[in-house]
Structures are given as C-alpha cells and as structure tokens.
Amino acid sequence: MSRVIFASHGGLSKGMKDSVSMIVGDLAKDVETYSLLPGENPEDYYQELYKQANESHEQILVLCDIKGGSVHTALSKLAVLDNVIVFSGMNMGLALDIVLRHTQLSDKDLLDVITNARDGITMMKELNQIEGEDF
C-alpha cells in the first residue's frame, strides 16, 4: 500500500481521516495527517517529509486541502521526488478512492482518482419532483 497523508490548514485533515474511517474502518488506520496550525510554518513539515521520502522507495500520496495554499505550496516541492505525488483539492471522494485502492497507484490509476473526484462534484439548484416516480 502507498503511504497516504492528508494535509490541511487547521483540523480539516484530521476530520477527513475521521470521516473516511467511518466508511472504511481500519483501511484508514495508517493514513497520516498534517494540520498546519497558527504560528507554524509548513516549510518545517516539508523538510521533515522530504528527508523521509528521499530515503524511501515507497509511493507517498499527499492530499492537500487547497491549490496554492501555504500547505500545498510547501508540499508540492516534494514532487521532485519520483515516489511522491501531491494532490490539491482534497475531498471525501478523492480520499476514499485513494484509501480503498490498497496498492501503489499507476499513472492510469492516478488519473482515474482525479476523474472520479471531479465527477463527484455536482450542483443542484432546484429539485423538481416528478409525480409517481420512485427514487
């Protein structure tokens, strides 16, 4: 299995792990979280993770909360390593898809998880009820 890290500003990463765990149980037990708190610098975590990743051949998947945020900006620099893939826009669909795959992800798998996460984003402005139709 790949090493999976949820990274965010504040407690979002821990909340995401809790939510994923509610659905997949122990499959999420090894998911790591990084929460940037006020007064902390994401560069410190980047340095720590870079050292670990550079010494490992294990695939590391980092799911960050928002593209261009300080967490994503710092951790994106890890992508210079062949074994690290950094995602932005972490959402429940993306997190679940990655955790449920149980294995190192191929390039095709990586594209599939992005497609699946995007497909899970919808908008409903109004709901028109059709009489007699069962859901």
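- Crowding of D119 atom CG: a count of heavy atoms from other residues, nucleotides or ligands under 6.0 Å exceeding 12.
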Requested in this report: Check the pair L36, Y45 against side chain to side chain contact (heavy atoms under 4.5 Å, CB included), reporting the backbone distance first and the verdict last.
Outcome: CA-CA 9 Å; L36 178 66; Y45 183 66; over 6 Å; no
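- Within the 4.5 Å cutoff, the side chain of Q59 has no heavy atoms near those of the R3 side chain.
- Within the 4.5 Å cutoff, no side-chain heavy atoms of L63 are placed close to those of I5.
- Two residues are said to be in side-chain contact when any heavy atoms from C-beta on lie closer than 4.5 Å; H72 and M90 fail this criterion.
- Scanning all heavy atoms of the two residues, the minimum distance from S19 to M92 falls at CB-CE, 3.4 Å.
- Across L110 and L61, no two heavy atoms sit closer than the pair CD2-CD2, 4.1 Å.
- L75 CG to I60 CD1: the interatomic distance, rounded to the nearest 0.5 Å, is 11.0 Å.
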**Report entry** Intermediate values then yes/no, side chain to side chain contact (heavy atoms under 4.5 Å, CB included), Y50 and V84
**Finding:** CA-CA 9 Å; Y50 181 88; V84 179; over 6 Å; no
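- In this structure, V99 is not a member of the same hydrophobic cluster as M22, with clusters built from ILVMFWY side-chain heavy atoms closer than 4.5 Å.
- Contact between L94 and N91 at its shortest, heavy atoms only, is N-OD1, 2.7 Å.
- There is a path of hydrophobic side-chain contacts, each under 4.5 Å, that joins V31 to I23.
- Tracing side-chain contacts under 4.5 Å through hydrophobic residues (I, L, V, M, F, W, Y), one never reaches L12 starting from L37; they form parts of separate clusters.
- Rounding to the nearest 0.5 angstrom, the gap separating the CD atom in E43 from the CD atom in E48 is 12.5 Å.
- A salt bridge does not link K14 with D18: none of the charged nitrogens is closer than 4.0 Å to a carboxylate oxygen.
- When all heavy atoms of L105 and S2 are compared, the closest pair comes out as N-OG, 4.0 Å.
- Contact check for D109 versus R101: side-chain heavy atoms found under the 4.5 Å cut-off.
- Minimum heavy-atom separation, V71 to C64: CG1-SG, 4.3 Å.
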Report task. Before giving the answer on side chain to side chain contact (heavy atoms under 4.5 Å, CB included), spell out for F87 and I114 the whole-Å C-alpha distance, their side-chain angles and the decisive distance to 0.1 Å. Result -> CA-CA 9 Å; F87 296 85; I114 292 293; 3.4 Å; yes
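- No side-chain N or O of H57 forms a donor-acceptor pair with one of N83 less than 3.5 Å apart.
- Among L96, D97, I98, the single residue meeting the side-chain contact (heavy atoms from CB on, under 4.5 Å) criterion with N116 is D97.
- Note: I85 CD1 to D82 CG = 9.5 Å, rounded to the nearest 0.5 Å.
- The heavy-atom pair separating S35 from S13 by the smallest distance is OG-OG, 2.9 Å.
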Query raised in the report: How far apart are the C-alpha atoms of S8 and M16, what are their side-chain angles, what is the distance that settles it, and do they pass the side chain to side chain contact (heavy atoms under 4.5 Å, CB included) test?
Result: CA-CA 10 Å; S8 70; M16 183 66 71; over 6 Å; no
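- Of the inter-residue distances, the one linking K51 atom NZ with S56 atom OG reads 13.5 Å to the nearest 0.5 angstrom.
- For D112 and T115, the side-chain atoms include no donor-acceptor pair closer than 3.5 Å.
- By the 4.5 Å heavy-atom criterion applied to side chains, V62 and F6 are not counted as neighbours.
- Atom-to-atom distance recorded for E40:CD and Y34:OH is 5.5 Å, nearest 0.5 angstrom.
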